[in-house]
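Fair warning: this is a prediction, and the values are worked out from it, not measured in the lab.
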Amino acid sequence: MKGRVHEVIVAALAECHAEGLLTSGAYPSFAVERPAHAEHGDFATNLAMQLAKPERKAPRAIADVLVGKLAARTDIIARVEVAGPGFINFFITPAAWQQTLLEIEQAGDGYGKSSIGNGAKVQVEFVSANPTGPLHIGHGRGAATGDTICRLLAATGWDVTREFYYNDAGQQIANLALSVQARCLGIEADDPRWPADGYQGDYIRDVARSYLAGETVEAGDQHVIATGDPHDLDAIRRFAVAYLRREQDLDLTAFDVGFDVYYLESSLYADGRVDDTVRRIKESGYTYEQDGALWLRTTEFGDDKDRVMQKSDGGYTYFVPDVAYHLAKWERGFSRVINEQGADHHSTITRVRAGLQALGVGIPQGWPEYVLHQMVTVMRGGEEVKISKRAGTYVTLRDLIDEVGRDATRFFFVMRKPDAQLVFDIDLAKEQSNDNPVYYVQYAHARICSIFDMAAQKGIVPDFAACPLHRLDGEEEATVIRTLASFPEVVEGSAQAFEPHRIVYYLLELAGQFHSYYNRNRVVTEDLDQTTARLFLLKCIATTLKNALGLLGVSAPERM
RNA sequence: GCGCUUGUAGCUCAGCUGGAUAGAGCAACGGACUACGAAUCCGUAGGUCGGGAGUUCGAAUCUCUCCAAGCGCGCCA
């Protein structure tokens, strides 16, 4: 509907220019928005204000001219008026609003989708947890946020590739292997022989036990059989990485989060991409040697100090494989890449981009794009759950899914915009009451389904093909229809801004309007026409609720 | 000290990329089930949008500057 109004405005402006009513010939950018107050109509535009400068006339005078043309579009416009400093307010005819329900019904599962992405390729990298331990609550937020962004982009016409980057090389993995080996040998964390930066979590014991038992682990295309030899560090490393990767995969599967590509850091070394990247950066002239190390002039690209690429011991710092990895993304043809990460790693952004710029291969400055999510704190029993890796008291994603369920976990993780810190209240998420927003929304869907069941039991078979839409003439019905009609706009905005929480707020609003409507209006009555029309409205609400929940990876139950 | 993010009702948070009179849910108080699910609804009350200055027809939104909180500032990842 908004798009239709936009078209009508452009057409009117063109007419005014053609007939000399306006003289500048200007087509400024202008907004069509939904006014906060109902007295201001269904839509409003600031076009006249935007034209004031080029036309060198008062906004209200320009608005009067435009209104003369707009008023002729009686098929959708009931009334237009000039208000305030020069707003043009549109009042849409009830019939035009009611017609939008037909579009919803026809689109069905596809309602809310659009093609603004034009099928262009976009890659979203998210989670990318190190295979050194189980996924914790921060990874959970990343998984829910990243997955929802993928769903939003797919729904708006992008060709999405979901990617998980495995840091399966480097010092952390060496520490992992040493930790598992220590457990295999019965060395405790307080033993002087315990490795310096060893991982102390209980899961390390599980890995060691499994390894000694000679178990087999399958993860992705890996198929690793434990040798059970506690002195074969290389075998332990391969087994431990596969074991933890399998655990992470199981968690993500339980969370309904999937990936198209698992990219292994070790492959960047194996195929020479890391060395090649270093060589190409050196050739760029942005490097220098100092104190026995190789430095990159990242300050040339906005960093506050230069960074070491190759340490004096010959090893590369962590951002070098990161640059190599992103160069590979670019060469794979992703002109658009989005990285979803925790904000605690935000300092890598400047370095990775600097490395890519230094390569001089035509990568745009703002590439790749980043979505950073802030910290998550967990509340239980009104108190913050303190996180201590050493004591092993951190909350894993698995714990959350087991305790509060997948739907509530996903919903809560995307309830806030990524930029804001998130307080995850476990008690609230578990609660099956009106305080819990997940149940509030799901209940709306289940309630509608139950009304359809009840109507069927009464032998009512609504003929939607001949639905008397004009019977939906109440104020509350108009309100709900307007909300339904805005869904595609909400999806577009949410996708464009990488802000999944907008879908959550939309759901709460729509569910609220339905509950309110339901409490005041009886749907199934003796009046068959009215019953048919209202059931049709409810069907459209249920469809929209289900589609919106689907974007969040949350189910729309028919019964609760 | 520098960088990023945040600061809106007692609490938790929205505010549609600069629009008109700043909204919702909790909590508080008062109401609504002999008819479709009360996991619901209706009403009342609650504000110097952290402080200050600037940009313009117009600022919670953009700029600057203070204040406060979180995160990050390694030849760790």
When the C1' atoms of B:A39 and B:U34 are considered, how many whole Å apart are they?
22 Å

Between B:C62 and B:G15, how many Å separate the two P atoms, rounded to a whole number?
12 Å

Ring of A:Phe87 versus six-membered ring of B:A20: centres under 5.5 Å and planes under 30°?
yes

Hey, mind stepping through A:His326 and A:Asn339 against side chain to side chain donor-acceptor pair (under 3.5 Å) and telling me if it holds?
CA-CA 10 Å; A:His326 282 87; A:Asn339 292 336; 2.9 Å; yes

Does A:Arg34 come within less than 4.0 Å of A:Glu489, counting only side-chain N to carboxylate O?
yes

Is the cationic atom of A:Arg79 (NZ for Lys, CZ for Arg) positioned less than 6.0 Å from the six-membered ring centroid of A:Phe91 and within 45 degrees of its normal?
yes

Please measure how far the P atom in B:A9 lies from the corresponding atom in B:U48, and state the result in whole Å.
9 Å

Whether A:Ser494 side chain and A:Glu499 backbone form a donor-acceptor pair below 3.5 Å
yes

List the steps and the verdict of side chain to side chain contact (heavy atoms under 4.5 Å, CB included) for A:Lys311 and A:Thr317.
CA-CA 7 Å; A:Lys311 298 182 280 185; A:Thr317 54; 3.8 Å; yes

Using the P atom as the point on both nucleotides, what is the distance between B:C11 and B:A28, in whole Å?
15 Å

The side chain of A:Lys417 lies closest to which of these nucleotides: B:A20, B:G15, B:G19?
B:G15

Between OH of A:Tyr440 and C1' of B:A38 the distance, given in whole Å, is 13 Å

So if I apply the ring pair (Phe, Tyr, Trp, His ring centres under 6.0 Å) rule between A:His6 and each of A:Phe43, A:Phe90, A:Phe30, which one comes out positive?
A:Phe30

Any cation-pi pair here, A:Arg416 with A:Phe424, using under 6.0 Å and within 45°?
no

Write down the partner of B:U17 under the Watson-Crick or G-U wobble criteria, each distance required to be under 3.5 Å.
none

Using the P atom as the reference point in each nucleotide, state the distance between B:G51 and B:C4 in Å, no decimals.
22 Å

If the cut-off is 4.0 Å, is A:His515 near the phosphate of B:A38, judged by side-chain N/O to OP1 or OP2?
no

Nucleotides 25-37 of chain B: protein proximity per nucleotide (B base, S sugar-phosphate only, - neither; heavy atom, under 4.0 Å):
-S--------BBB

Centroid separation under 6.0 Å, is that true for the rings of A:His515 and A:Tyr440?
yes

Sticking with atom C1', work out how far B:A22 lies from B:C66, rounded to a whole angstrom.
25 Å

Remember a base hit wins even if backbone is also touched, and classify A:Ala52 as base, sugar-phosphate or nothing at under 4.0 Å, heavy atoms.
nothing

Nucleotide opposite B:G37 in a Watson-Crick or G-U pair, distances under 3.5 Å:
none

Would you indicate what A:Met309 reaches in the nucleic acid, counting non-hydrogen atoms under 4.0 angstrom: base, sugar-phosphate, or nothing?
nothing

For nucleotides 72-77 of chain B, read 5' to 3', which letter fits each nucleotide if B means a protein heavy atom sits under 4.0 Å from the base, S means only the sugar-phosphate is that close, and - means neither?
SSSBSB

For B:A68, the nucleotide meeting Watson-Crick or G-U wobble distances (both under 3.5 Å) is B:U6

chi for B:C33 classified (syn = within 90 degrees of 0, anti otherwise) as syn

B:U63: pairing nucleotide in any strand, Watson-Crick or G-U under 3.5 angstrom:
B:A53

Lys/Arg-Asp/Glu bridge criterion (N-O < 4.0 Å) met for A:Asp322, A:Arg351:
no

Strictly by Watson-Crick or wobble contacts shorter than 3.5 Å, is anything paired with B:C73, and which nucleotide is it?
B:G1

Any strand counts, and the cut-off is 3.5 Å on both contacts for Watson-Crick or G-U wobble. Which nucleotide pairs with B:G25?
B:C11

Provide the distance between the two C1' atoms, one in B:C76 and one in B:G18, to the nearest whole Å.
44 Å

Can you tell me, in whole Å, how much space there is between the P of B:G3 and that of B:U65?
9 Å

When the ring planes of A:His40 and A:His37 are compared, do they come out parallel, tilted or perpendicular, using 30° and 60° as the limits?
perpendicular

